[in-house]
Amino acid sequence: MSHHLVEVRDLHFAYPDGTDALKGVSFRITHGESVALVGANGAGKSTLLLHLNGYLTPTRGEIRIGETPLIRETAAAVRRAVGMVFQDPDDQLFMPTVFEDVAFGPLNAGLPPDEIEHRVVSALERVGMAHLRDRPPYKLSAGEKRAVAIATVLAMAPDVLVMDEPSSHLDPRGRRRLIELLKSFKHTKIIATHDLELVVELCSRVIVLDDGRVVAEGQAVELLNDETLMLAHGLERPHSLRHLHPH
Amino acid sequence: MSHHLVEVRDLHFAYPDGTDALKGVSFRITHGESVALVGANGAGKSTLLLHLNGYLTPTRGEIRIGETPLIRETAAAVRRAVGMVFQDPDDQLFMPTVFEDVAFGPLNAGLPPDEIEHRVVSALERVGMAHLRDRPPYKLSAGEKRAVAIATVLAMAPDVLVMDEPSSHLDPRGRRRLIELLKSFKHTKIIATHDLELVVELCSRVIVLDDGRVVAEGQAVELLNDETLMLAHGLERPHSLRHLHPH
Amino acid sequence: MGLGQWLEIGRMDELGRLDTPAHRLDARAKVITTIVFIVVVMSFPRYEVSALTPFFLYPFALIALGRIPPGYILRKILLAAPFALVVGMFNPLLDHQVIASVGVWSISGGWLSFASIMLRFVLTVSAALTLIACTGIYRLGAGLERMCMPRVFVVQLLFLYRYLFVIVDEGARMMRSLELRSARPSSLRLRVYGSLVGHLLLRSMARADRVYRAMAARGFDGKIRALHRASFQWTDWAFTGGWTAFFAIARMWNLADALGRILAGGGS
Amino acid sequence: MHMADALINPAVGGTMWLVTAGLIAYCARKVKQTMNDRLVPMMGVLGAFIFAAMMINFSIPGTGSSGHLGGGLILTILLGPYAAFLVISSVLVVQAFFFADGGLLALGCNIFNLGFFPAFIAYPFIYRVIARDEYGTLRAWIAAIVAAVVGLQLGAFGVVLETKASGISELPFSAFVLLMQPIHLAIGIVEGLATAAVVAFVAHARPEALFPAQAVVEPRNSMRPVLIGLLIATVIVGGAASWFASTHPDGLEWSIAKVSGKEEVSGTEDNLHKGLGQLQEKTAFLPDYGFKSTETEAAPAEQTAAEPEQWPTISAGTSVSGIVGGLITLGLTVLIGFALKARRAGV
Ligand SMILES: Nc1ncnc2c1ncn2[C@@H]1O[C@H](COP(=O)(O)OP(=O)(O)OP(=O)(O)O)[C@@H](O)[C@H]1O
Ligand SMILES: Nc1ncnc2c1ncn2[C@@H]1O[C@H](COP(=O)(O)OP(=O)(O)OP(=O)(O)O)[C@@H](O)[C@H]1O
Ligand SMILES: [Mg+2]
Ligand SMILES: [Mg+2]
């Protein structure tokens, strides 16, 4: 099953209180691409990502994951394919222990106990949090929570990885580990972040969102190096590109 | 009243579940200093900061803010002097609207209405969130929440500013604004963060925490440029220092 | 209700996750035995006191086997005790009939039934508490579901339990920041509290929604799956059967009195 | 109005357990039919809220129950009756297990008193009728208050009937009623105000939160006869029971556990306290039952000698042996507990 394609067409969304968060967003991400979603605070990045596994339902427009249009009936299947790391790890961790939390996804997928154990342990090791397995998640430090939240998604072996600011609160070592991990993940990835250095290292393509609209889209290095574009949308040229000529 | 001195002596703290988060921390921060607290995830940075306004009570050791030892009787006075930005902005925002939230501190300080209005508006402007004044805080984007949380503290005009990862979730523009703002704040500042570039720009001194202990302390540029030290404690040499020779 | 008490639920959660012989028993075995225990204890006549004492064996055994700190259970019993005291308080006042005497003292029925109420209270409450401490809410939920409890209800039970932590957490966060930003906490007006409670409700609703979606995102479909699928084994049968037999015996014969008679009788 | 186990006898408790279990199963089926994604977290979080609200409670002297906001009505307005009944049940289950608030045996009674009346009586027949679909208007406020008062009054009366039917508390029926009903009148008014305020607040601040409620089917007309029937039956049974309880002490014998246990007590009314004389007169019937248990009769004859049957004329020796035996048994159980623990530690 190829779920690796993600297509969004003319997406509109207003929150119940009337805030227009998305005002017509369209893009297409093909198999194996690694795409960054950047933009100022409140641009609508999180809102957009929450649509990708059916958490929010568009006011208008449509979403396709692979061949499947994302509607209520297909949401469950799509959720199995799309692994989502939320911006706030507190939302993601809800079981009494780290182990149970990471095991929750595989357990619901009906995997045998051995396989579950194996997946959990390896996911925790990959984010460097194996020593926390019996701790309750709500008693962890912010960065530890973030790392565990990433592990919960890794353990589900998703086809598409959607991450909302995965590097926030991680210490530099954890951030480095995350970058390596994402580099080794060969499937489609969509990452919303303000960490433009991470974008430079990881993403081939960048989508710039502002006020609920796509305002620019293209090659990562090229766009991020465009000082006027960056400044116009609450961003900055990353340090690591400063030795290049401005675009 | 000089509250600008912060002294911590042999601080120990264990969480109720037995986790030893601080194992003897001592340092002294004098008037007007700007100090960064860095260290790996789970090193104890947040735990330490939560002691500085009496939210947590040490198992052993003592804290002095200015001339006042921080004990239960003095906590209220100390809290007026120490402005604290929590790591999770959700912890900080609790009123029905952004305006009321920012006004809450000044209101409790018994300021006249005009003064309150003035302070709130100016605090919101300084973080660039004046347009959100009538929105409910829990419906904001993560970065907007962070900025408003910073405004709530600015509005109280504290003597000492304590911030736990103030730049996380802020877009690059907001982060830049924060750095300028903190540069213009002349009182004592203590900032726990993983954003080492921000440390380079803002702080004169760095305290490195690992596993509940101070493992290094000194001049910011010097310490951060020490590659072995940084790597040993989950950190990294910041990009902007890479042109300097390693220490 | 203080934060301390709320934190105690967290403690219960930790106890429920231990791995001891008591915890390894099937949840159903413990539920059934506990119900039998309570029904038997409550079926004693109102003035019964001594015959109740052998029943302490059950909670004590579970506490020991499950490595539950007895002090913890005791504290929780004491917390609820004022309630039972108030219940029984009226009996000695209203019932003066002398129905027993010890030496020169005569004991009124009211005092006897009061003592009996207190004993039953301690017994039933400690049985319920140890059941949870030795099982944990998840295993209990999975067990209840397999005892034909409707799944919707069991899920509701688990969600309620989980969201208690969410609300406590949200509430604690609000109180914390409130406390830190109010110079004179006592000066807070009722209006502030009113709006805080409303706000807490909205925040918790929003958070509950997000947590649920996060669960759905990881394949939750309303079915509770336990990590360790227990099946009813011979130990469970033995547990349930053995205790039920003991309860029946202790119900029919006053073991304590018999024991006392032998000893006292032998002594006098 | 949580009842404790210490006041309930197994017959009453068991009956109410059955009734409640049936209701839960019925509601679960109903909720499942209309399940949507919104409902699950809403049920959970509202339950948790009501849970917290119920913690603010106060005991009602002598009745073995406590007064506090019930929350049933508010849940029903926000979630619909079926989901609300499940939520209330779950709240009471968790309270009973984790906080020892309300007994396990009494759980059926508690769920019924606090859940059934507001969800299936007060809401459809009073609240809906008065409030229609308005939120925050005077109509809605009045509706909430009246419905809350009626719901709680019925619930409180339920407590009285169930306690009396169990016959463990010494409090006479009329005093009991006088104690429970007025208190719950006050609580009902407070609860009505709180309900109306919260509903208006939610309708204003998060109107979308009210949607799941509307997605749930309301009790259809076909359900009404059933419900009314159930109500009437309850009232009749309860009324009859309480009448027996208040006038004919032996009437309590209907309770299964007491069928065979019956013994008259002779003249003990000479030790009345002056202040309580009035009450005592009414309670005079109380000591005359329950002196011995059903099972005692079934037990072998040689055992009965040691049974409490003998208590009215009990000898000092027997009392002493009971006390000594009780203490020793307690000691033994503690020892066994330690032994088990030591064994575990040794393993
Ligand atoms: N629950 C909500 N109800 C109403 N409005 C909301 C809600 N959540 C977010 N918004 C608003 O929708 C807009 C987009 O928010 P979103 O969270 O998608 O931004 P974002 O790009 O993720 O920002 P950040 O970088 O700060 O995370 C913002 O204006 C925000 O205030
Ligand atoms: N509420 C809590 N109960 C028990 N242990 C806790 C609690 N909060 C944090 N800890 C533990 O205390 C230690 C220090 O946590 P702290 O939050 O101070 O770390 P930190 O340095 O702020 O990390 P981060 O960079 O991830 O924010 C960690 O091991 C953490 O797991
Ligand atoms: Mg966001
Ligand atoms: Mg921290």
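Within every chain, numbering begins at 1; the chains are lettered A, B, ... in the order of the sequence lines, protein sequences first and strands thereafter.
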**Within 6.0 angstrom of A:H131 NE2, more than 12 heavy atoms from elsewhere** = yes

**Item:** Closest non-hydrogen atom pair between A:Q92 and C:A214, with its separation
**Value:** CA-CB, 4.1 Å

**Asked** If you count heavy-atom pairs under 4.5 Å between each of A:D88, A:D90, A:V153 and chain C, which one has the most?
**Response** A:D90

**Asked** Is the side chain of C:R210 donor-acceptor paired with the backbone N or O of A:D91 at a distance under 3.5 Å, no angle test?
**Response** no

**Message:** At a 4.5 Å cut-off on heavy atoms, which part of A:F86 comes close to chain C: side chain, backbone, both, or neither?
**Reply:** side chain

**Asked** Under the side-chain contact (heavy atoms from CB on, under 4.5 Å) criterion, do A:N53 and C:R213 qualify, and how do the steps go?
**Response** CA-CA 10 Å; A:N53 69 354; C:R213 302 298 177 140; over 6 Å; no

**Prompt:** Of the listed residues (A:P106, A:A155, A:G105), which shares the most heavy-atom pairs with chain C below a 4.5 Å separation?
**Reply:** A:G105

